[in-house]
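Side chains included, hydrogens not; waters and symmetry mates left out as well; all remaining heavy atoms used. Numbers for residues simply follow the sequence, beginning at 1. When a ligand or atom number is given, it counts from 1 through the structure's own listing order.
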Amino acid sequence: MKFIEDLDVRHKTVFVRVDFNVPLNDRGEITDDTRIRASLTTIQYLLARGAKLILASHLGRPKKPDPAASLRPVAARLAELLGRNVHMAPDVVGAEVERLKAGLRDGDILLLENVRFHPGETKNDPDLSRALAQGVDIFINDAFGSSHRAHASVVGIAGMVPVKAAGFLMKKEVDFLKKAIDPVKPYVAVLGGAKTEDKIPVIEALLEKADCVLIGGAMAYTFLAAQGRGVGKSLVEPDKFEIALNILKKAKERGVDFRLPVDHVLTASIESGVVTQVVNAYPFPAELMGVDIGPRTVAAYAEIIGRAKTVFWNGPLGVFETPAFAEGTMRIARAVAASSAVTIIGGGDSIAAVAKAGVSDKISHISTGGGASLEFIADGTLPGIEALEG
Ligand code: ADP
Ligand code: MG
């Protein structure tokens with residue numbers, strides 16, 4: 001795979017796929033510009049070397065042109081951050097866009113409209129890829145967070161340009177996440193959150209690499225219930241019991257220290273926001289649900305994290321959005337932050353949890369891609385990365 005620094009970009013038309021999928025409030029204002037800032041290294045590098053820049057991204061999941069999903073606010077914020085003009089294209093492709101592309105001078109920036117305004121984007125439609133590649137000398141993929149999708153502006157376009165390479169953000173993500181695939185040991189993986197189904201491939205991949213897997217969050221209850229523990233009203237996915245038991249068996253065969261919580265914070269309802277009791281025995285009272293790991297689990301997990309050389313964490317260990325159920329997640333966040341290990345965090349809610357604990361700056365790498373980081377850990381590559389290699 002080529003890297004942006006391997007290329008001569010002067011006077012070249014460079015198409016950069018970025019991830020500007022930022023959150024907007026109902027007034028259409030950007031509430032968090034982290035993803036825009038994360039792309040600045042690549043953009044400034046190219047501008048400083050006299051490239052003509054075309055930037056493309058998706059925003060949300062529109063199926064057709066939708067003013068509420070326009071990238072216009074992003075163009076304004078990017079112009080502010082760069083201190084220079086950003087031309088906003090009225091569309092993704094078409095005659096007017098072609099005219100704007102052809103008129104670019106060295107150091108100009110043209111931001112295309114939301115690529116998902118075009119139905120061909122998510123279908124990796126070759127006609128759209130070809131139109132995007134029109135007049136482009138170099139394709140740079142800097143959208144790590146979108147690279148698990150085989151879409152026209154991520155994958156298709158790579159096959160239709162003379163030169164392609166990874167940007168700075170892409171390289172940083174890949175370099176760090178590789179440390180979670182080929183880790184310095186002991187390697188501890190902390191997995192929580194709600195979507196057990198999505199995380200099964202990651203758990204299976206981690207069983208091959210990790211010395212220790214620490215489970216929390218709602219996912220723990222699927223494992224515990226599969227083992228016949230009474231977990232009351234806790235969130236469980238019964239159709240995943242068989243897979244859960246299989247994972248436990250594999251962990252044992254491989255000698256992976258696979259931990260489930262040993263005590264639990266219970267509530268009658270998440271909405272109540274109050275802890276009913278903390279237990280370390282089963283069954284739970286039938287009307288209660290587990291919403292956080294208990295203090296004994298926190299202590300055991302923190303001790304294991306303290307001895308690790310590499311830590312990968314995805315998924316909060318409880319309903320951390322509710323203060324009474326956030327304690328376990330906050331304490332594990334602090335344990336990860338205090339560790340001298342290489343620490344890597346992926347997943348939207350996990351990133352929010354670490355920010356809430358106030359320790360984001362003490363984490364070695366916070367991945368900008370939630371789904372993408374998990375798929376990379378599971379598969380060792382992503383469609384958007386393969387496309388740069390082909
Ligand atoms: P990420 O975005 O980091 O990948 P997920 O989206 O998988 O994480 O899971 C985050 C969600 O899981 C949070 O909204 C949190 O409230 C929820 N969650 C964590 N533990 C529990 C639990 N015990 N019961 C119900 N929901 C939980
Ligand atoms: Mg999430």
Side-chain angles (χ1 to χ4, degrees), residues 21 23 32 34-35 61 145 148 177 180 189-203 205-206 214-225 229-238 240 244 260-279 282 284 287-294 297-298 301 311-333 336 343-357 359-360 363 365-378:
N21 185 24
D32 180 357
T34 307
R35 284 179 166 159
R61 296 171 173 234
H148 56 317
L177 289 168
V190 186
L191 297 171
K195 295 170 284 181
T196 309
E197 171 151 32
D198 294 0
K199 299 189 181 181
I200 284 166
V202 189
I203 304 177
L206 286 168
L214 309 176
I215 300 284
M219 191 159 48
Y221 299 107
T222 294
F223 280 96
L224 290 164
R229 307 285 200 186
V231 295
K233 273 197 317 178
S234 302
L235 201 62
V236 294
E237 295 177 42
K240 296 291 164 316
L260 295 171
V262 293
D263 57 348
H264 306 270
V265 172
L266 305 185
T267 186
S269 79
I270 292 176
E271 296 70 42
S272 74
V274 295
V275 175
T276 311
Q277 58 190 98
V278 179
V279 298
Y282 307 92
F284 297 171
E287 73 285 5
L288 300 184
M289 64 188 293
V291 284
D292 195 7
I293 56 175
T297 308
V298 169
Y301 285 9
V311 178
F312 173 71
W313 180 14
N314 167 260
L317 302 170
V319 183
F320 75 103
E321 299 92 337
T322 304
F325 315 143
E327 188 64 21
T329 303
M330 294 301 111
R331 288 176 59 185
I332 294 300
V336 172
T343 52
I344 301 168
I345 294 185
D349 292 293
S350 312
I351 293 167
V354 174
K356 199 167 183 172
V359 297
S360 303
I363 305 299
H365 182 64
I366 296 185
S367 178
T368 52
S373 63
L374 296 186
E375 267 191 46
F376 188 83
I377 299 271

- [ ] List every atom of ligand 1 that sits less than 4.0 Å from any heavy atom of Gly348, numbering the atoms from 1 in the order shown and giving each element.
- [x]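 Close to Gly348: 2 (O), 3 (O).
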TODO: Identify, by atom number and element, the atoms of ligand 1 in contact range of Lys195, meaning under 4.0 Å from any of its heavy atoms.
DONE: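 So the answer, numbered in order with elements, is 5 (P), 6 (O), 7 (O).
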Have a look at ligand 1 and work out which part of [X], if any, has a heavy atom under 4.0 Å from it: side chain, backbone, both or neither.
X	answer
Asn314	side chain
Val319	both
Glu321	side chain

Report the nearest protein non-hydrogen atom to [atom]: residue, atom name, distance rounded to 0.1 Å.
atom	answer
atom 10 (C) of ligand 1	Asp349 OD2, 3.5 Å
atom 18 (N) of ligand 1	Gly318 O, 3.9 Å
atom 3 (O) of ligand 1	Ser350 OG, 2.5 Å
atom 17 (C) of ligand 1	Ala194 CB, 4.1 Å
atom 5 (P) of ligand 1	Lys199 NZ, 3.6 Å

Open item on the list: Report the atom name of the nearest N/O/S atom of Asp349 relative to the Mg ion (ligand 2).
Closed with: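 Among the N, O or S atoms of Asp349, the one closest to the Mg ion (ligand 2) is OD2.
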Judging by distance only, is a nitrogen or oxygen of [X] under 3.5 angstrom from one on ligand 1?
X	answer
Tyr221	no
Gly346	no
Ala218	yes
Gly290	yes

Task: Taking every non-hydrogen atom, the tightest pair across His148 and Gly371 - done: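 In terms of heavy atoms, the two residues are closest at CD2-C, 3.8 Å.
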Task: Minimum heavy-atom distance between Ile366 and Ser360, given as atom pair plus value - done: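 Nearest pair, atom of Ile366 first, then Ser360: CD1-O, 3.7 Å.
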Side-chain touch [X]/[Y], heavy atoms, less than 4.5 angstrom:
X	Y	value
Ile363	Val336	yes
Phe320	Asp349	yes
Leu214	Leu260	no

Open item on the list: I'd like to know whether the aromatic ring centres of Phe284 and Tyr282 sit less than 6.0 Å apart in this structure.
Closed with: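 Between Phe284 and Tyr282, the centre distance is under 6.0 Å.
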Open item on the list: Ignoring hydrogens and geometry beyond distance, is a side-chain donor-acceptor pair present between Glu237 and Thr222 at under 3.5 Å?
Closed with: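 No, no side-chain donor-acceptor pair sits under 3.5 Å.
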Open item on the list: Would the distance check show the side chain of Thr329 and the main-chain N or O of Gly318 forming a donor-acceptor pair, the cut-off being under 3.5 Å?
Closed with: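 Confirmed, Thr329 side chain pairs with Gly318 backbone.
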Task: Atom pair OG (Ser373) and NE2 (His365), whose distance is rounded to the nearest 0.5 Å - done: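 Between atom OG of Ser373 and atom NE2 of His365 there are 8.0 Å.
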TODO: May I ask whether Gly370 places a heavy atom under 4.0 Å from ligand 1?
DONE: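 Outside the 4.0 Å threshold, so no.
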- [ ] Would you sort out whether Ser272 and Thr267 count as a side-chain hydrogen bond (donor to acceptor under 3.5 Å, both in side chains), showing the intermediate values?
- [x] CA-CA 8 Å; Ser272 74; Thr267 186; 3.3 Å; yes
